Amino acid sequence: MNGGAFSTYVVIPSQTLRFIRGEADLGAYTVTERTSKHFCPHCATPLFNANPTTYPGLRMLYLGTLRDAAQLRPAINIYCDSKLAWTDNIADMRNVAEGPRRGQAASPASGAS
């Protein structure tokens, strides 16, 4: 549903979700008969998911949309039966501070010839 190895959400009660502005402009896409994704129609940023059948009264906010996301700590991993095997060793991988800037070529991977 998300096109990546991970999806990181903050789950909150629906009634606590408040928008500073733009709530009337929210876009929504029905993914399944139970699940909908809500997004900004101007820039297509995904904001939250809802599944009132399986998770009534909850909203799954995309972590990247929160100002103070760095203050939060993960509490649970779900859907581990379908995880990619290489994710178990992610902490052991080489870290790079930032990616290439627009117009720059990416650096070759370590050990590449």
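Since the model is a prediction, treat every value here as computed from it, not as a measurement. The figures here come from the full heavy-atom set of this structure, side chains too, leaving out hydrogens, waters and symmetry mates.
- Side-chain N or O atoms of Ser14 include one that pairs as donor or acceptor with a backbone N or O of Leu58 at under 3.5 Å.
- The nearest pair of heavy atoms linking Pro46 to Thr65 is O-CG2, 3.3 Å.
- When hydrophobic clusters are built by joining Ile, Leu, Val, Met, Phe, Trp and Tyr residues whose side-chain heavy atoms come closer than 4.5 Å, directly or via intermediates, Ile76 is grouped together with Tyr9.
- Of all the heavy atoms in Pro41 and Gly27, the pair that sits closest is CD-N, 3.8 Å.
- The list of ring-ring contact (aromatic ring centres under 6.0 Å, His included) pairs with a residue in residues 32-52, not counting sequence neighbours, reads His38-Phe48.
- Residues meeting the salt bridge (charged side-chain N to carboxylate O under 4.0 Å, His left out) test with Arg101, sequence neighbours left out: Glu98.
- The closest donor-acceptor contact from the side chain of Asp68 to the backbone of Gln71 lies at 3.5 Å or more, if one exists at all.
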Working for side-chain contact (heavy atoms from CB on, under 4.5 Å), residues Tyr55 and Asn49: CA-CA 10 Å; Tyr55 306 108; Asn49 295 343; over 6 Å; no

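- When the shell of 6.0 Å around OH of Tyr79 is examined, it contains 12 or fewer heavy atoms from other residues, nucleotides or ligands.
- Under the side-chain contact (heavy atoms from CB on, under 4.5 Å) test applied with Thr35, the options Asn51, Thr54, Thr30, Thr53 reduce to a single match, Asn51.
- No option in Val11, Thr16, Leu47, Leu17 other than Leu17 meets the side-chain contact (heavy atoms from CB on, under 4.5 Å) test with Arg59.
- Residues Ile78 and Leu61 do not share a hydrophobic cluster, defined by chaining ILVMFWY side chains whose heavy atoms lie under 4.5 Å apart.
- The closest side-chain heavy-atom distance from Leu66 to Leu72 is below 4.5 Å.
- Under the 4.5 Å side-chain contact rule for hydrophobic residues, Ile12 and Leu63 share a cluster.
- Both Met93 and Leu84 belong to a single network of hydrophobic side chains, linked directly or stepwise wherever heavy atoms of I, L, V, M, F, W or Y lie under 4.5 Å apart.
- In the hydrophobic clustering (ILVMFWY side chains linked at under 4.5 Å, chained through shared members), Val96 stands by itself.
- The local environment of CG in Asp25 is crowded, with over 12 non-hydrogen atoms from other residues, nucleotides or ligands closer than 6.0 Å.
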